[in-house]
J.: 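Right, I'll just put the structure down here and ask away after.
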Amino acid sequence: MSYLDQLNDVQRNAATHIDGPVMVLAGAGSGKTRVLTYRIAHLIDTGADPYNILSLTFTNKAAREMKNRISQLVGEGNSKALWMGTFHSVFAKILRYEAEKIGYPSNFTIYDSDDSKSLIRTIIKEMNLDDKVYKPQLVQRRISSAKNGLISGTEYQNDTIIYNDDLQAKKPLLGKIYGTYEKRCFKASAMDFDDLLYKTNILLKNHSDVLLKYQDKFKYILVDEFQDTNFAQSNILKMLAARHENICVVGDDAQSIYAFRGANIQNILQFKSLYPDVAVFKLEQNYRSTKTIVAAANQVIDNNKEQLKKDVWTANQDGDSIKLIKCLSESEEGTFIASEILDIKDNENASEDDFAILYRTNAQSRALEEALRRKNIKYRIYGGLSFYQRKEIKDLLAYFKLCSNPNDEEAFKRVLNYPARGIGKTTESKIMMAASEEGKSPLAIVNNVNDAHLPINAATKNRILEFAHLIKSFQNLSLEKDAYETAQHIASATGILKEFYSDRTPEGISRYENVQELLSAIKEFTEIELSEEEKGSENPRSLSVFLEEVSLLTDTDIKDNKDDESPKVSMMTIHSAKGLEFPYVFIAGLEEDLFPSQLSVNSRSDLEEERRLFYVALTRAEKKATLSFAATRFKYGNMQYNEPSRFISEISQDLIESPTIQKIEKRELISKKNYALVNHAVRKKLVKPSQSAGSAISIEEINQLTVGTKVNHDRFGKGEITGLEGEIPNRKATVEFQNIGKKQLLLKFAKLQILK
DNA sequence: AGTATCGTCGTTTTT
DNA sequence: CGACGATACT
């Protein structure tokens with residue numbers, strides 16, 4: 001078969017070893033997606049029914065791309081029958097189908113993390129707890145990790161170890177909050193993201209008939225990015241695969257960067273003990289990067305203790321050295337990166353699309369953006385606020401959700417007084433109180449506001465009735481009409497469209513555009529051809545069905561703005577760069593306390609995760625990686641002085657090229673103030689000397705220098721000081737070098753060593 | 001009920 | 001610094 005010839009030996013063996021458990025350890029850029037897609041194609045070619053194949057990814061984008069590639073190999077008819085999607089979307093689909101088994105309606109809504117945080121906030125308030133002690137975000141994290149660890153609210157409350165932990169943290173009521181949160185979600189017929197995995201576990205564990213059904217259905221299971229699975233996910237896999245044990249997991253422990261979110265690296269490290277007869281394949285040939293980049297990445301990751309040893313190598317060219325740029329400030333870092341981009345673009349005939357600037361935190365993007373704007377370089381920022389998290393979108397979606405699930409409490413609260421219709425906070429809390437007392441949904445209270453004996457005046461009651469009628473009319477419409485008609489009607493009948501249309505401020509215009517974009521996405525949805533399955537159902541293009549599809553989409557799933565397809569530099573956090581590759585990659589902000597993050601330096605495992613993150617960043621680069629750090633940076637409005645990241649010194653010097661001193665002295669934007677700041681930075685280094693090789697000499701050492709002192713310089717070699725002038729921090733030395741003659745050096749930058 | 005000002009907080013985030 | 005939520009006004 002021709003397509004198998006496109007694989008190397010290991011890849012082919014991994015793709016064609018069909019029976020029994022398989023683990024593919026795939027180094028960065030080693031073609032793991034290729035193996036997965038060809039494996040699926042091969043399965044189908046050798047007689048497997050696509051309907052029996054389950055392939056799980058972590059992003060919708062990855063699933064879509066893989067599906068496309070497979071349909072090119074085996075035809076669209078075959079690829080359509082595959083179950084291919086994210087963990088969350090596949091199990092949401094199963095949960096909708098089996099919902100009643102666990103007491104949920106099949107039209108349950110999915111709470112995103114804002115929704116669930118808001119519910120947690122309400123609960124904390126209702127319990128009269130101090131939200132300084134019970135910070136909603138912390139509570140949310142706690143609940144999330146409990147669910148990921150498959151611990152229910154009741155189990156949490158009955159577990160003495162957990163309780164003592166919480167007691168010691170002076171938060172004994174966390175379990176109570178979790179329990180209440182669980183009940184409230186259930187009452188609202190809502191599941192949060194974690195529930196999609198948690199409830200699937202419950203479903204499969206408590207209903208052996210259901211488990212058997214899916215075990216038989218999914219004869220072949222494939223999992224991408226296995227290193228990022230958490231306990232809830234690996235447990236589902238374990239249950240589903242128990243019957244046929246045809247499970248193939250692909251991953252790279254060196255690229256596990258989501259442990260902070262519950263991903264458990266042990267899943268991949270201990271896969272072998274779970275399936276003793278597993279066939280392990282190591283993909284070690286990198287097809288993406290130069291030898292230099294591969295070598296540097298290997299050196300870095302070698303510092304991690306906890307890893308499965310791999311020997312990643314490449315047949316590619318040596319390529320350029322890794323460039324290291326030392327900057328005075330974040331703005332200078334931006335400027336330098338911008339001019340470097342222009343340089344490379346001219347010299348190597350590259351387009352903006354070939355560049356990526358990666359950083360540890362989103363906050364770093366601002367200074368970089370400004371620099372690119374100043375030099376008129378087009379860029380695109382990934383991440384930040386996602387489309388579906390925007391207020392205007394969430395507001396409109398809340399109307400949709402309320403139509404499809406009248407129990408949805410968060411959606412109700414969102415739309416009750418939006419757009420403003422004179423139903424304020426006080427009235428809202430009266431309604432919510434009544435709902436919880438009578439055990440009804442808030443919408444049910446509103447529908448019968450005349451019967452409920454609420455202390456609400458007549459005028460407000462009328463406004464509430466009007467609201468109730470409005471929602472009722474939307475609900476009726478959504479049953480008959482398709483999603484687009486319903487949505488269009490809701491957007492205009494509520495006045496939301498008009499409100500944004502008449503707002504001519506830039507924000508208003510952008511909101512209007514966003515709403516239009518949502519509407520056109522809905523239009524697109526209604527125009528998708530019906531599948532066989534859907535032809536039987538009542539209103540297959542209803543708003544409810546749209547919601548089911550959309551609630552698990554994220555920003556990267558939305559197509560780019562079609563109006564502007566000009567090439568752009570990509571800017572994003574390293575986390576969101578996983579799985580991507582670019583010819584030229586800049587990694588900015590390589591400073592201690594930023595990368596590695598300050599919160600990681602006290603634990604070895606956290607630090608190792610940061611290192612893996614750096615490994616991911618480096619291995620995104622095909623041709624050239626450029627690292628930079630800034631000696632000073634604004635943090636929370638204060639100037640901070642930084643030492644270079646320890647990760648820089650983990651790359652051997654012969655792979656790194658630092659800019660020449662002359663180039664540094666020619667730099668733009670160096671003010672006297674900046675010099676003073678660097679002086680501080682140098683002083684700080686004195687207290688805690690940096691291990692990084694090739695750093696400038698300390699002030700103490702500068703003071704020791706006299707005419708006649710013998711020195712060594714990284715690039716210029718050995719020499720003798722013949723003159724000294726200027727005061728610290730701008731003290732300069734004239735050095736007579738043996739090979740190249742006289743040079744003037746600014747001592748705070750010069751990488752001099754004093755020779756005895 | 002809607003707005004102005006104050007205070008607090010601050011990693012990463014495929015879903 | 002700057003986003004967002006809570007509180008205090010009008």
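Order of the sequence lines fixes the chain letters, A, B, ..., with proteins taken first and strands second; residue numbering starts at 1 for each chain. Any value given below was found using the heavy atoms of this structure, including those in side chains, with hydrogens, waters and symmetry copies removed.
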J.: By the 4.0 Å heavy-atom rule, please label Thr426(A) as base, sugar-phosphate, or nothing.
T.: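 Thr426(A): backbone/sugar contact only, no base atoms under 4.0 Å.
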J.: Does Thr57(A) have any side chain to side chain contact (heavy atoms under 4.5 Å, CB included) partners at least two apart in sequence or in another chain, and if so, which?
T.: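 So Thr57(A) forms a side chain to side chain contact (heavy atoms under 4.5 Å, CB included) with Ala62(A), Ala63(A), Met66(A), Thr86(A), Asp224(A).
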J.: In this structure, how many angstroms lie between the P atom of dT12(B) and the CG atom of Leu599(A), rounded?
T.: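 Atom CG in Leu599(A) sits about 11 Å away from atom P in dT12(B).
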J.: Using a heavy-atom cut-off of 4.0 Å across all strands, would you classify Thr573(A) as base, sugar-phosphate, or nothing?
T.: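 Contact class for Thr573(A): sugar-phosphate only.
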J.: Could you pull out all residues at least two apart from Phe58(A) that satisfy ring-ring contact (aromatic ring centres under 6.0 Å, His included)?
T.: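 Here the qualifying residues are Phe87(A).
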J.: Would you please name every residue forming a salt bridge (Lys or Arg N to Asp or Glu O under 4.0 Å) with Glu182(A), sequence neighbours left out?
T.: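 Glu182(A): no salt bridge (Lys or Arg N to Asp or Glu O under 4.0 Å) contacts found.
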J.: Of all the nucleotides listed (dA3(C), dT13(B), dT14(B)), which has the minimum atom distance to the side chain of Thr59(A)?
T.: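 Selected nucleotide: dT14(B).
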J.: Output a table of donor-acceptor pairs, distance under 3.5 Å, between side-chain atoms of residues 611-619 of chain A and any protein atom two or more places apart or on a different chain; print 'none' if there are none.
T.:
{"unit_1": "Arg611(A)", "atom_1": "NE", "unit_2": "Glu650(A)", "atom_2": "OE1", "d": "2.9"}
{"unit_1": "Arg611(A)", "atom_1": "NE", "unit_2": "Glu650(A)", "atom_2": "OE2", "d": "3.3"}
{"unit_1": "Arg611(A)", "atom_1": "NH1", "unit_2": "Asn304(A)", "atom_2": "OD1", "d": "2.8"}
{"unit_1": "Arg611(A)", "atom_1": "NH2", "unit_2": "Glu650(A)", "atom_2": "OE2", "d": "2.7"}
{"unit_1": "Arg612(A)", "atom_1": "NE", "unit_2": "Ser256(A)", "atom_2": "O", "d": "2.6"}
{"unit_1": "Arg612(A)", "atom_1": "NH2", "unit_2": "Ser256(A)", "atom_2": "O", "d": "3.4"}
{"unit_1": "Arg612(A)", "atom_1": "NH2", "unit_2": "Glu609(A)", "atom_2": "OE1", "d": "3.2"}
{"unit_1": "Thr619(A)", "atom_1": "OG1", "unit_2": "Tyr615(A)", "atom_2": "O", "d": "2.8"}
{"unit_1": "Thr619(A)", "atom_1": "OG1", "unit_2": "Val616(A)", "atom_2": "O", "d": "3.1"}

J.: Between dT11(B) and Arg360(A), counting only base atoms on the nucleotide and side-chain atoms on the residue, is there a donor-acceptor pair under 3.5 Å?
T.: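 No such pair is found, so the answer is no.
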J.: Only counting residues at least two apart or in another chain, list the ones meeting side chain to side chain contact (heavy atoms under 4.5 Å, CB included) with Phe231(A).
T.: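 Leu150(A), Ser234(A), Asn235(A).
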J.: In dot-bracket notation, what is the pairing pattern of DNA chain B, taking Watson-Crick (N1-N3 plus N6-O4 or O6-N4) and G-U wobble (N1-O2 and O6-N3) contacts under 3.5 Å, with [ ] crossing and | for other strands?
T.: ||||||||||.....
J.: Rounded to whole angstrom units, what separation is found between the CG atom of Asp130(A) and the C1' atom of dA6(C)?
T.: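 Nearest whole value for this atom pair: 13 Å.
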J.: Looking across every strand, which nucleic acid part, if any, lies under 4.0 Å from Ala92(A) by heavy atom: base, sugar-phosphate, or nothing?
T.: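 Ala92(A): no heavy atom of the nucleic acid under 4.0 Å.
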J.: NA contact type, Arg141(A), heavy-atom cut-off 4.0 Å: base, sugar-phosphate, or nothing?
T.: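 No contact.
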J.: Within the 3.5 Å criterion, strictly below it, is a donor on Lys413(A) or Thr122(A) matched to an acceptor on the partner's side chain?
T.: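 The answer is yes; a qualifying pair exists.
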J.: How do Ser576(A) and Thr460(A) order along DNA chain B: which one's closest nucleotide is nearer the 5' end?
T.: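 Its nearest nucleotide being more 5', the pick is Thr460(A).
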J.: For Gly422(A), report the nucleic acid contact type (base, sugar-phosphate, nothing); a contact means any heavy atom under 4.0 Å.
T.: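 The answer is sugar-phosphate, as Gly422(A) gets under 4.0 Å only of primed atoms, P, OP1 or OP2.
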J.: Heavy atoms only, 4.0 Å cut-off, all strands: where does Asn417(A) land among base, sugar-phosphate and nothing?
T.: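 The answer is sugar-phosphate, as Asn417(A) gets under 4.0 Å only of primed atoms, P, OP1 or OP2.
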J.: Between Ser404(A) and Asn107(A), do the side chains contain a donor N or O and an acceptor N or O under 3.5 Å apart?
T.: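 Note: Asn107(A) and Ser404(A) side chains miss the donor-acceptor criterion.
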J.: Side chain of Arg261(A) only, heavy atoms from C-beta on: which candidate in dT11(B), dT14(B), dG5(C) is closest?
T.: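 Ranking dT11(B), dT14(B), dG5(C) by closest atom to the Arg261(A) side chain puts dT14(B) first.
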J.: What nucleic acid atoms does Phe87(A) come within less than 4.0 Å of, heavy atoms only: base, sugar-phosphate, or nothing?
T.: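 No contact.
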J.: To the nearest Å, how far apart are Arg463(A) CZ and dA1(B) P?
T.: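 To the nearest whole Å, that distance equals 7 Å.
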J.: Taking the nucleotide of DNA chain C with the nearest heavy atom to each, does Phe634(A) or Lys425(A) sit closer to the 5' end?
T.: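 Taking each residue's closest nucleotide, the earlier one in sequence belongs to Phe634(A).
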J.: Counting heavy atoms from C-beta on, name the nucleotide in dT11(B), dG2(B), dT8(B) closest to the side chain of Lys132(A).
T.: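 Taking heavy atoms from C-beta onward, the closest nucleotide is dT8(B).
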J.: Between dT14(B), dA3(C), dG2(B), which one does the side chain of Arg366(A) approach most closely?
T.: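 Looking only at heavy atoms from C-beta outward on Arg366(A), the closest nucleotide is dA3(C).
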J.: Please state how far atom CZ in Arg121(A) lies from atom C1' in dC9(B), giving the value in whole angstrom units.
T.: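 Between C1' of dC9(B) and CZ of Arg121(A): 12 Å.
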J.: Pick the nucleotide of DNA chain B nearest each of Ser113(A) and Ser597(A); which residue has the one closer to the 5' end?
T.: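 In this pair, the answer is Ser597(A).
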J.: Expressed in angstrom and rounded to an integer, what is the separation of Lys635(A) atom NZ from dC1(C) atom P?
T.: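 The answer, rounded to whole Å, is 17 Å.
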J.: Checking contacts here: which listed nucleotide (dT14(B), dT12(B), dA6(C)) is nearest the side-chain heavy atoms of His575(A)?
T.: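 The answer is dT12(B).
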J.: Identify which nucleotide among dT11(B), dA6(C), dT13(B) has an atom closest to any side-chain atom of Lys125(A), counting heavy atoms from C-beta outward.
T.: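 Looking only at side-chain atoms, Lys125(A) lies closest to dA6(C).
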J.: Any donor-acceptor pair under 3.5 Å linking the side-chain atoms of Thr361(A) with those of Gln364(A)?
T.: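 Yes, side-chain donor-acceptor contact under 3.5 Å.
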J.: Report yes if a side-chain nitrogen or oxygen of Asn362(A) is closer than 4.0 Å to either non-bridging phosphate oxygen (OP1 or OP2) of dG10(B); otherwise report no.
T.: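 So the side chain of Asn362(A) is outside the cut-off, no N or O lying under 4.0 Å from OP1 or OP2 of dG10(B).
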J.: Would you say Ser118(A)'s side chain and Asp114(A)'s backbone share a donor-acceptor pair under 3.5 angstrom?
T.: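 It does not hold such a pair.
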J.: Measure from CZ on Arg633(A) to C1' on dT11(B) and round the result to the nearest Å.
T.: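 Spelled out: CZ on Arg633(A) to C1' on dT11(B) is 14 Å.
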J.: Using the C1' atom on both, measure dT14(B) against dA3(C) and round to a whole Å.
T.: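 Approximately 25 Å lies between the C1' atom of dT14(B) and that of dA3(C).
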J.: Round to the nearest Å and state the distance from Asn602(A) atom CG to dT11(B) atom P.
T.: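 Whole-Å distance recorded here is 17 Å.
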J.: Find the distance Lys391(A):NZ to dC4(C):C1' and express it as a whole number of Å.
T.: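 Checked: the NZ to C1' distance equals 13 Å.
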J.: Compare the aromatic ring of Phe260(A) with the six-membered base ring of dT11(B) and state whether they stack according to the 5.5 Å and 30° rule.
T.: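 No, Phe260(A) does not stack on the base of dT11(B).
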J.: How would you label the contact of Tyr636(A) with the nucleic acid (heavy atoms, under 4.0 Å): base, sugar-phosphate, or nothing?
T.: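 The residue Tyr636(A) makes base contact.
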J.: Once you apply a heavy-atom cut-off of 4.0 Å, does Glu610(A) come out as touching a base, just sugar-phosphate, or nothing?
T.: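 It contacts base atoms.
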